Amino acid sequence: MIDSNPPLVQHYGALVRNSGEEAKKAKSFNDQNHPLVDACDLPLIDLSGLKSSNERERKACTAAICKAASEWGFFQVVNHGISHDLLRKMREEQVKLFEVPFEKKVTCGLLNNPYRWGTPTATRSKHFSWSEAFHIPLTMISEAASWGEFTSLREAINEFAPAMLEVSRLLASILAQNLGYPEDALEKLCDAGTCFLRLNHYPCCPKSKDEIFGLVPHTDSDFLTILYQDHVGGLQLMKDSKWVAVKPNPDALIVNIGDLFQAWSNDEYKSVEHKVVANNKMERYSIAYFLCPSYSTVINGCKGPSVYRKFTFGEYRHQIQEDVKKIGHKIGLSRFLL
């Protein structure tokens with residue numbers, strides 16, 4: 001097998017060999033879970049409508065956001081206030097970071113070693129993700145010494161992260177008010193110090209794109225995720241019990257509801273399962289901003305009898321980690337149903 005950076009080829013090959021009959025099982029699994037899918041246009045919302053002088057237009061924009069959160073769990077936003085220049089700068093810095101040799105990414109000590117690749121806990125090929133990522137706690141932006149030689153990356157993130165926080169807070173405030181909460185309810189729970197930025201790279205995969213996940217099916221564990229992706233595509237989500245492929249839109253950011261918002265809203269909003277399909281011709285880049293509270297924050301449903309028991313974000317994260325260790329994947333909110 002050819003070398004790869006990171007060594008995904010070697011890791012995946014060893015995983016298949018060491019799991020005995022897994023090579024045969026992988027084919028039947030992927031035939032079942034990677035059928036031909038339809039491409040979809042996610043609900044597209046122009047956020048300039050929120051600033052319209054026309055009250056009807058403002059209400060229509062707000063209603064569209066809440067409807068998409070309830071019916072899709074995913075939507076796109078344009079005129080979001082983040083400049084194309086800043087997005088381009090962030091992408092350029094991201095590409096430079098991932099072009100660093102694997103050995104250096106693993107050992108450079110950047111930001112207390114947030115580098116991840118593949119799926120270390122995977123025992124079966126269907127739990128393996130053909131990707132690498134830097135998961136960056138935003139509390140570390142101000143720590144100049146933690147960035148080493150990557151000073152230009154720090155400068156870009158220092159500008160990009162607050163802009164993403166502003167978009168996420170705007171959307172969260174609208175969704176919270178629709179549930180009867182104060183406008184600033186989530187702003188009090190989620191600040192710049194509790195949120196995360198994840199820089200993702202999906203290297204070109206020498207296997208058939210229908211055999212391997214770029215990112216395994218999952219839901220997000222936060223309140224909201226804001227995604228900036230490139231033109232390559234590969235993101236798919238579950239809609240009406242089938243997978244649909246999301247058409248890339250270079251002018252839009254993708255927004256999806258996380259588990260915490262689903263629990264907080266008593267299932268009014270949907271945290272939808274999604275995945276990335278590996279590409280055997282092109283590499284893919286994306287940047288995800290996760291709107292998270294502190295680990296001590298208690299999540300409790302609104303309006304009427306709660307669907308889920310009370311839990312803290314820290315408790316939820318711990319349960320996910322335990323499930324991944326024991327069975328190879330996340331179970332999620334069903335663990336906390338009443």
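Just so we're clear, the structure is a prediction, and the values are computed from it rather than from any experiment. The chain is numbered in sequence order, starting from 1.
- Between atom CD1 of residue Ile157 and atom CD of residue Gln94 there is a gap of 9.0 Å, rounded to the nearest 0.5 Å.
- We find that Lys89 and Glu93 are not joined by a salt bridge, their nearest charged nitrogen and carboxylate oxygen being 4.0 Å or further apart.
- Of all non-hydrogen atoms in Ile212 and Cys205, the two that sit nearest each other are CD1-SG, 3.7 Å.
- With sequence neighbours excluded, no residue forms a side-chain hydrogen bond (donor to acceptor under 3.5 Å, both in side chains) with Glu99.
- With Ser271 contributing its side chain and Asp259 its backbone, the two residues share a donor-acceptor pair below 3.5 Å.
- In this structure, Ile299 and Thr312 have side chains that are not in contact, with every pair of non-hydrogen atoms separated by 4.5 Å or more.
- Checked against ring-ring contact (aromatic ring centres under 6.0 Å, His included), Tyr202 has no partners two or more places apart in sequence or in another chain.
- Looking only at side-chain heavy atoms (C-beta outward), Leu237 and Lys239 come within less than 4.5 Å of each other.
- Looking only at atom types and distance, the side chain of Lys330 has a donor-acceptor partner in the side chain of Ser221 under 3.5 Å away.
- Nearest heavy atom pair, residue Pro43 against residue Phe74, reads CD-O, 3.8 Å.
- Taken to the nearest 0.5 Å, the CG atom of Asp46 stands 10.0 Å off from the NE2 atom of His80.
- Looking at residues two or more places apart in sequence or on another chain, you find a side-chain hydrogen bond (donor to acceptor under 3.5 Å, both in side chains) between Asp220 and His218, Thr225, Asn256, His274.
- The closest side-chain heavy-atom distance from Leu235 to Ile254 is below 4.5 Å.
- Between Arg154 and Glu149 there is no salt bridge, since no side-chain N of the basic residue sits under 4.0 Å from a carboxylate O of the acidic one.
- Note on Phe196: it does not cluster hydrophobically with Leu138, by side-chain heavy-atom contacts below 4.5 Å among ILVMFWY residues.
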### Task
Step by step, work out the side chain to side chain contact (heavy atoms under 4.5 Å, CB included) result for Cys61 and Ile45.
CA-CA 7 Å; Cys61 187; Ile45 299 169; 3.8 Å; yes
### Task
Carefully, step by step, assess Phe290 and Phe223 under the rule side chain to side chain contact (heavy atoms under 4.5 Å, CB included).
CA-CA 8 Å; Phe290 298 98; Phe223 272 106; over 6 Å; no
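- Taking the ring centroids of Phe336 and Tyr316, they lie under the 6.0 Å cut-off.
- Of all the heavy atoms in Leu224 and Ala172, the pair that sits closest is CD1-N, 3.8 Å.
- Between the CZ atom of Arg335 and the CD atom of Glu322 there is a distance of 10.0 Å, given to the nearest 0.5 Å.
- Inspection of the Asp85 and Ser83 side chains reveals no N or O donor paired with an N or O acceptor under 3.5 Å.
- Considering only residues two or more places apart in sequence or on other chains, Asn54 meets the side chain to side chain contact (heavy atoms under 4.5 Å, CB included) condition with Ser52, Arg56, Glu57.
- Among all heavy-atom pairs drawn from Cys195 and Cys292, the shortest one is SG-N, 3.7 Å.
- Considering only heavy atoms from C-beta on, Lys96 comes within 4.5 Å of Ser152 through its side chain.
- Residue pairs meeting the side chain to side chain donor-acceptor pair (under 3.5 Å) criterion with at least one partner in residues 160-170, sequence neighbours excluded, are absent.
- Partners of Asn178 by side chain to side chain contact (heavy atoms under 4.5 Å, CB included), not counting sequence neighbours, listed by chain and number: Cys66, Tyr269.
- With hydrogens and angles ignored, the 3.5 Å screen pairs no side-chain donor or acceptor of Thr219 with any backbone N or O of Val272.
- Using a 4.5 Å cut-off between side-chain heavy atoms of Ile, Leu, Val, Met, Phe, Trp and Tyr, with links allowed through other members, Phe313 and Ile331 fall into different hydrophobic clusters.
- By the side-chain hydrogen bond (donor to acceptor under 3.5 Å, both in side chains) test, Lys310 is found to be paired with no residue, residues two or more places apart in sequence or in another chain being considered.
- Residue Val232 belongs to a hydrophobic cluster whose other members are Met282, with links defined by side-chain heavy atoms closer than 4.5 Å.
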### Task
Take His84 and Asp251 through the side chain to side chain contact (heavy atoms under 4.5 Å, CB included) test and state the conclusion after the steps.
CA-CA 8 Å; His84 288 292; Asp251 296 320; 3.5 Å; yes
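- Between Ser306 and Asn266, some side-chain heavy-atom pair lies under the 4.5 Å cut-off.
- Both tests pass for Arg91 against the ring of Tyr228: distance under 6.0 Å to the centre and angle within 45° of the axis.
- For Glu283, there are no salt bridge (Lys or Arg N to Asp or Glu O under 4.0 Å) partners at least two apart in sequence or on another chain.
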### Task
Report the C-alpha separation of Leu291 and Ile226 in whole Å, then their side-chain angles, then the decisive distance to 0.1 Å, and conclude whether the side chain to side chain contact (heavy atoms under 4.5 Å, CB included) test is met.
CA-CA 8 Å; Leu291 185 69; Ile226 314 290; over 6 Å; no
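- Listed for the Gln262 side chain is no donor-acceptor partner under 3.5 Å among the backbone atoms of Lys270.
- With contacts defined as side-chain heavy-atom distances shorter than 4.5 Å, the pair Lys275/Leu215 does not qualify.
- Sorted by first and then second residue, the side chain to side chain donor-acceptor pair (under 3.5 Å) pairs involving residues 61-73 (not counting sequence neighbours) are Ser70-Glu268.
- For the atom pair Arg284 CZ and Asp230 CG, the distance stands at 6.0 Å (nearest 0.5 Å).
- Taking the six-membered ring where tryptophan is involved, the planes of Tyr285 and Phe98 are tilted, since the angle between them lies from 30° to 60°.
- Between Asn249 atom CG and Leu42 atom CG the span is 9.5 Å, to the nearest 0.5 Å.
- Using a 4.5 Å cut-off on side-chain heavy atoms (C-beta onward), Pro206 and Val9 make contact.
- No side-chain N or O of Asn300 forms a donor-acceptor pair with one of Tyr308 less than 3.5 Å apart.
- Looking only at atom types and distance, the side chain of Ser131 has no donor-acceptor partner in the side chain of Ser129 under 3.5 Å away.
- The hydrophobic cluster containing Leu44 also includes Val78, under a criterion of side-chain heavy atoms closer than 4.5 Å among ILVMFWY residues, counted directly or through chains of members.
- Checked against ring-ring contact (aromatic ring centres under 6.0 Å, His included), Phe150 has no partners two or more places apart in sequence or in another chain.
- Residues Trp243 and Glu273 meet the side-chain proximity criterion, which asks for heavy atoms closer than 4.5 Å.
- No side-chain donor-acceptor contact under 3.5 Å links Glu159 to the backbone of Met90.
- In summary, the side chains of Ser173 and Glu183 do not present any donor paired with an acceptor at a separation below 3.5 Å, with no hydrogens or angles considered.
- Under 3.5 Å, the side chains of Tyr115 and Glu132 contain a donor-acceptor pair of N or O atoms.
- Proximity of a side-chain donor or acceptor of Asp323 to a complementary backbone N or O of Lys326 within less than 3.5 Å is not detected.
- Summarising the geometry of Ile327 relative to His127, their closest heavy-atom pair is O-CE1, 3.6 Å, with the distance given to 0.1 Å.
- Nearest heavy-atom pair, Tyr181 versus Gly301, reported as atom, atom and distance to 0.1 Å: OH-C, 4.2 Å.
- Leu186 CG to Leu171 CG: the interatomic distance, rounded to the nearest 0.5 Å, is 11.0 Å.
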